[in-house]
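Input: a single structure, listed below in C-alpha cells.
Along the sequence shown, residues are numbered consecutively beginning with 1.
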Amino acid sequence: MGHEFNSSIRFFSELEVEHSIAGESKKGEVELEQAYIEHDFNEMFTGKAGLFLMPVGIINETHEPTVFYGVERNPVEKDIIPATWWEGGLNLNIKAAPGLAFDTAVTSGLYLDESSGYKIRNGRQKVSEAKGEDLAYTGRVKYTAVPGLELAATVQYQSDLTQGTAGVDSASATLLTAHAIYSIENFTVKALFAQWDIDGKEAEALGRDKQNGFYIEPAYRINEQFGVFARYNEWDNNAGDSADTKKKQTNVGVNYWLHENVVFKADYENIGGAADSDGFNLGVGYQF
C-alpha cells in the first residue's frame with residue numbers, strides 16, 4: 001500500500017504472508033518488509049526514513065517473481081548477502097550526474113552469536129524488537145550511463161555483529177559486493193560477487209570469519225513470452241575453514257510469461273561441491 005502526500009512526499013509499504021499459514025508451530029510468517037516515508041529534497045537528493053530494503057545486490061530491492069529467471073532466488077544472494085534483507089533507519093539517494101547515483105544509509109544491523117552459528121542469513125532481525133546496540137553503515141554507487149549496462153558496488157560496516165552480547169568476543173564485519181548487468185538486444189548477462197569479513201574469535205573458530213560467493217547468469221529472451229537462462233553459482237559460508245565446504249550449483253531453465261505480470265517457470269538444478277544433489281523446480285509467479 002502506498003500514498004502520495006504531494007509531489008515530493010510519498011509513503012510506501014509491503015506486507016507479506018509467507019509459506020501459506022502463519023501462527024504458533026506453523027512454518028509461515030506475516031512480515032512487514034517495507035514501510036517508509038520518501039521525500040525529494042530537490043532533483044539531486046531523495047531521502048527515506050523507516051523500514052526499507054537494503055541497497056545491495058541485484059534482487060534485494062526488486063525481487064518479484066516476474067523480474068528474475070528460475071523458480072528459486074539464487075543461493076549467493078540468499079545465503080551471502082542475504083536477500084531478502086530489510087532494516088530500519090535512514091537512507092539518502094544522491095543523483096550525482098546522469099547515470100551516476102550514490103546511496104548512503106544508517107540502519108539497524110545484523111545480530112549473530114554462537115547459537116546462530118555466525119551464518120549471515122541467520123542474523124537478519126527483520127526490525128522486530130531488534131537489538132540496536134550497534135548500527136550498520138552502508139554505501140552504494142551505481143552507474144547506468146551506458147545504455148544496456150549497469151555497474152554497482154556496495155560496502156557495509158558494522159562494528160559488532162553480536163550487538164554487545166556479554167561473554168563473547170565482539171565481531172566487526174565488512175560486506176563488499178559488486179555486480180554487473182549487460183543487455184544487448186535480447187541477450188542479457190548478469191554477474192555478482194559478495195564477500196563478508198568478520199573479525200571475532202567465535203566466528204573464526206567456526207570458519208565463518210570469511211563468507212563469500214559469486215554467480216554468472218546468461219539469458220536470452222526469445223520473444224515477449226519465452227526466455228531461457230543458465231546460471232552457475234559458487235558460495236561458501238565457511239570460507240575461513242581449511243575444510244572444503246564450498247558449494248556449487250548450476251541451473252538451466254525457461255520462463256514463460258503468460259502476461260507481463262504472470263510467469264510460469266521451470267528449471268533443472270544440480271548441486272555439487274560440499275553438497276551433491278539434483279532435481280527440478282516448477283513455479284508460477286504473479287504481481288499486481
Side-chain angles (χ1 to χ4, degrees), residues 16 18-19 27-35 50-61 63 72-91 103 105-140 154-177 192-214 233 235-241 245-247:
E16 291 196 357
E18 298 200 345
H19 305 300
K27 294 182 179 180
E29 296 175 313
V30 176
E31 298 179 329
L32 186 64
E33 290 193 359
Q34 301 184 74
L51 186 157
F52 51 84
L53 294 162
M54 297 300 291
V56 58
I58 296 175
I59 68 170
N60 196 58
E61 292 179 291
H63 52 262
E72 300 290 346
R73 297 168 189 163
N74 73 81
V76 177
E77 295 196 71
K78 178 181 176 182
D79 284 348
I80 302 297
I81 280 183
T84 305
W85 177 19
W86 64 90
E87 299 287 356
L90 301 171
N91 182 88
D103 280 283
V106 180
T107 64
S108 53
L110 301 173
Y111 170 49
L112 288 166
D113 57 16
E114 288 184 286
S115 65
S116 64
Y118 284 90
K119 185 176 180 181
I120 290 298
R121 188 168 185 81
N122 295 341
R124 300 177 305 161
Q125 300 191 80
K126 301 187 176 182
V127 201
S128 176
E129 297 186 349
K131 292 182 180 295
E133 297 294 324
D134 197 77
L135 299 177
Y137 305 90
T138 308
R140 178 179 68 181
T154 297
V155 178
Q156 185 189 91
Y157 177 75
Q158 186 174 332
S159 61
D160 186 10
L161 290 177
T162 74
Q163 296 288 350
T165 300
V168 298
D169 188 36
S170 62
S172 63
T174 302
L175 167 67
L176 299 173
T177 77
L192 177 140
F193 172 80
Q195 174 179 294
W196 282 93
D197 286 310
I198 302 174
D199 185 14
K201 293 179 181 178
E202 285 82 5
E204 292 177 8
L206 293 169
R208 297 247 161 105
D209 53 316
K210 294 190 181 297
Q211 304 183 42
N212 54 49
F214 74 90
N233 316 265
W235 76 105
D236 193 346
N237 285 106
N238 295 74
D241 199 322
T245 52
K246 185 180 296 183
K247 296 179 182 178

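No side-chain donor-acceptor contact under 3.5 Å links T138 to the backbone of Q156. The main-chain N or O of P55 is found under 3.5 Å from a side-chain atom of T154 such that the two form a donor-acceptor pair. Side-chain N or O atoms of N60 include one that pairs as donor or acceptor with a backbone N or O of M54 at under 3.5 Å.
Between V56 and T177 there is a side-chain heavy-atom pair separated by less than 4.5 Å. A 4.5 Å side-chain heavy-atom check between Q163 and Q158 finds at least one atom pair inside the cut-off. Looking only at side-chain heavy atoms (C-beta outward), E204 and D199 come within less than 4.5 Å of each other. Here the side chains of E202 and Y118 are in contact, with some heavy-atom distance below 4.5 Å. With a 4.5 Å cut-off on side-chain heavy atoms, L112 and R208 do not count as touching. Contact of the S172 side chain with the Y157 side chain is registered, since non-hydrogen atoms from C-beta on lie closer than 4.5 Å. Between I120 and W85 there is no side-chain heavy-atom pair separated by less than 4.5 Å. Contact of the T84 side chain with the R73 side chain is registered, since non-hydrogen atoms from C-beta on lie closer than 4.5 Å.
The two residues N122 and S116 have their closest heavy-atom pair at ND2-O, 2.9 Å. The minimum heavy-atom distance linking S108 with A136 is given by the pair O-CB, 4.0 Å. Between I80 and N237, the closest heavy-atom pair is CD1-ND2, 3.6 Å. The heavy-atom pair separating A173 from I198 by the smallest distance is CB-CG1, 4.1 Å. Contact detail for E33 and E18: the closest heavy-atom pair is OE2-OE2, 3.4 Å. Closest non-hydrogen pair, D160 versus T162, comes out as OD1-OG1, 2.7 Å.
Between W235 atom CH2 and K246 atom NZ the span is 12.0 Å, to the nearest 0.5 Å. To the nearest 0.5 Å, atom OH of residue Y111 and atom OG1 of residue T165 are 3.5 Å apart. Atom-to-atom distance recorded for D209:CG and N238:CG is 9.5 Å, nearest 0.5 angstrom. Put simply, CG on L32 and CH2 on W86 are 8.5 Å apart, with the number rounded to the nearest 0.5 Å. With rounding to the nearest 0.5 angstrom, the CD atom of E133 is 9.5 Å from the CG atom of L135. L161 contributes atom CG, which lies 8.0 Å from atom CG of D134 (distance to the nearest 0.5 angstrom).
Salt-bridge formation is not detected for the pair K247/D236: no Lys NZ or Arg NE/NH1/NH2 atom is positioned less than 4.0 Å from an Asp or Glu carboxylate oxygen.
Scanning for salt bridge (Lys or Arg N to Asp or Glu O under 4.0 Å) contacts around K126 gives E29, E31, with sequence neighbours left out.
In summary, of the residues considered (V76, I81, L192), a side-chain contact (heavy atoms from CB on, under 4.5 Å) with I58 occurs for L192 alone.
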### Task
Apply side-chain contact (heavy atoms from CB on, under 4.5 Å) to L110 and Q125, showing your working.
CA-CA 6 Å; L110 301 173; Q125 300 191 80; over 6 Å; no
